[in-house]
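Data first, discussion second: the structure below is written as structure tokens.
Letters A, B, ... are given to chains in the order of the sequence lines, protein chains preceding strands, and every chain is numbered from 1. Note that the structure is predicted; figures quoted are calculated from it, not measured.
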2 protein chains.
Amino acid sequence: MRQPLHERIRSDFEARILSGELAPGDRLPIEQELMQHYGCARMTVNKALSALLSAGLIDRRKRAGTFVARPRMHSMVLDVPDLPSQIRERGQAYAYEPIGHRLRPPAPGRDEEVQLADDGDLFELEGLHLADGIPLALEYRLISVLAVPDIGDATDIEAISPGSWLLKHVPWTEAETRISALEATTEEARLLRIPQRSACLCVERRTWRSSDRITYVRQLFVGNSYDLVARFGATR
Amino acid sequence: MRQPLHERIRSDFEARILSGELAPGDRLPIEQELMQHYGCARMTVNKALSALLSAGLIDRRKRAGTFVARPRMHSMVLDVPDLPSQIRERGQAYAYEPIGHRLRPPAPGRDEEVQLADDGDLFELEGLHLADGIPLALEYRLISVLAVPDIGDATDIEAISPGSWLLKHVPWTEAETRISALEATTEEARLLRIPQRSACLCVERRTWRSSDRITYVRQLFVGNSYDLVARFGATR
DNA sequence: CAGTGGTCTAGACCACTGA
DNA sequence: CAGTGGTCTAGACCACTGA
């Protein structure tokens, strides 16, 4: 069995939908008809259609049947960059250069910090990501001490970069990334060794584990030396 | 049956993996054991584990068993912006202001254009996306005439914005988006009505249908008035 | 070569919902 | 109320691969 039958059924309909032969709103055969057409059991047909359903290509309604889904707002997969491995993949040497860190309470006025701290303290870190000794990104990070109690004992966090340390030690379930372009301030430009007001890519990320907030990070990338890439591809 | 059994099994293990109770590399019970534990048939267990497999939380190897997957490079879902609807959702009036369009052959030296054209011509479009009459983005687009033969008759393409027109008329299967920050040139700044060398968010996208290239687009967003947002969430 | 997962069968009962 | 999909059962044969 080179190609499982359920996979063949799935890709048959995927092709017919993507080619436009089956247009949005068109009705697909019912499971009984597909069983006869492919000469198989209902579970096999059902497995194929379940895959199309979770890929968003079809809608299924009891009693009504199965229909080609209306074209939705498409979405793509954005890789969350782990800078150390990304830089090493480019054949460059990675280094994290700490600028400073401290333990402090959240600033009373700042909702962002108060929510993150959740009655505990915040661990604040700032540092540079270097590729072959040249600054690539300036990182400012806040970590909730209640959510990550090990943080106090983590003597290695600045040795391997805070992001990699967290990824390795703290599982997360939800995250939001916000991407924008802005001009570097005088201080940011000095640290990144670029001209003042240079265009930078700003990546902000908030991370949760269930409903607990874990960390906030803001990474400022030198504009002409870093791209984010997102891809959309047919399933499998 | 409020919650299907396969869904309960799936979420049980999802929770145990995300909480860290089951660490990467740990072995899960074999299907026979899970059948006994949950008192169900093997297909039910299999459906739950298949969902965890496609979510990337586990690895399965014949003869060896089922294991918690090593934490992978996480990825997030980036919504591909349909500017007209996005702007209207913000309660602003959307308008597309054409700057120009023409039919031309690909420039011989430019691989990008030659590949996109594929022995045909290119339809080139430039225009502004306006929110409440203020320029939000400058768009430069190339469309393969062979891939989209209807383009010649499309008198409405500039009325509803080229991106929306394509989304509606041409199904696509693959796309790549590249995001960077750069400084507006003199001409770009003039069209966007911003100071020269202002920071802009540059979004480039290449789109395919199967192996045919459909379009290349470059959108330059005014830096301080547009953010891209990507999200990662637990499945379902 | 034996344990494990991959796939499939031929049924079943039920929930939902639109004709 | 009848058609459709959602879920589940209790088996089966096989492919793969690591002990």
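- Near-neighbour residues of DNA chain D inside residues 37-45 of chain B, defined by a heavy atom below 4.0 Å, number-ordered: B:Gly39, B:Cys40, B:Ala41, B:Arg42, B:Met43, B:Thr44.
- Atom CZ of A:Arg27 and atom P of C:dG18 are 12 Å apart (whole Å).
- With sequence neighbours left out, B:His101 forms a side chain to side chain contact (heavy atoms under 4.5 Å, CB included) with B:Phe123, B:Leu125, B:Glu158.
- In this structure, A:Asp118 has no side-chain hydrogen bond (donor to acceptor under 3.5 Å, both in side chains) partners at least two apart in sequence or on a different chain.
- Comparing A:His6 and B:Gln32 along DNA chain C, the residue whose closest nucleotide (by nearest heavy atom) sits nearer the 5' end is B:Gln32.
- We find that CD of B:Gln3 is positioned 17 Å from P of C:dA15, with the value rounded to whole Å.
- The separation between B:Asn46 atom CG and D:dA10 atom P is 16 Å, rounded to whole Å.
- Atom-to-atom, NZ of A:Lys47 to C1' of C:dT9 comes out at 14 Å; the value is rounded to the nearest Å.
- Rounded to a whole Å, the CD atom of A:Glu33 is 13 Å from the P atom of D:dG3.
- Spacing between atom CZ of A:Arg60 and atom C1' of D:dT4 amounts to 9 Å, rounded to whole angstrom units.
- In terms of the salt bridge (Lys or Arg N to Asp or Glu O under 4.0 Å) criterion, A:Glu97 has no residue partners (sequence neighbours excluded).
- In summary, A:Glu21 and A:Arg16 engage in a salt bridge, as defined by a charged side-chain N under 4.0 Å from a carboxylate O.
- Contact annotation: B:Arg63 side-chain N/O to D:dC16 OP1/OP2 distance is not under 4.0 Å.
- Not counting sequence neighbours, the partners of A:Tyr38 by the side-chain hydrogen bond (donor to acceptor under 3.5 Å, both in side chains) test are A:Asp12.
- Legend: residues meeting salt bridge (Lys or Arg N to Asp or Glu O under 4.0 Å) with A:Arg88, ordered by chain and number and at least two apart, are absent.
- B:Tyr94 and B:Glu89 share no side-chain donor-acceptor pair at under 3.5 Å.
- Helical stems of DNA chain C (runs of at least 3 Watson-Crick or G-U pairs, donor-acceptor distances under 3.5 Å) are listed by first residue: C:1-18 with D:1-18.
- Scanning for side-chain hydrogen bond (donor to acceptor under 3.5 Å, both in side chains) contacts around B:Gln92 gives an empty result, with sequence neighbours left out.
- Considering only side-chain N and O atoms, B:Thr66 lies nowhere under 4.0 angstrom from the phosphate OP1 or OP2 of C:dT4.
- The CZ-C1' distance, from B:Arg61 to D:dA19, rounds to 13 Å in whole Å.
- Residues passing the side-chain hydrogen bond (donor to acceptor under 3.5 Å, both in side chains) test with A:Gln32: none are found, sequence neighbours excluded.
- Spacing between atom NZ of B:Lys62 and atom P of D:dA19 amounts to 17 Å, rounded to whole angstrom units.
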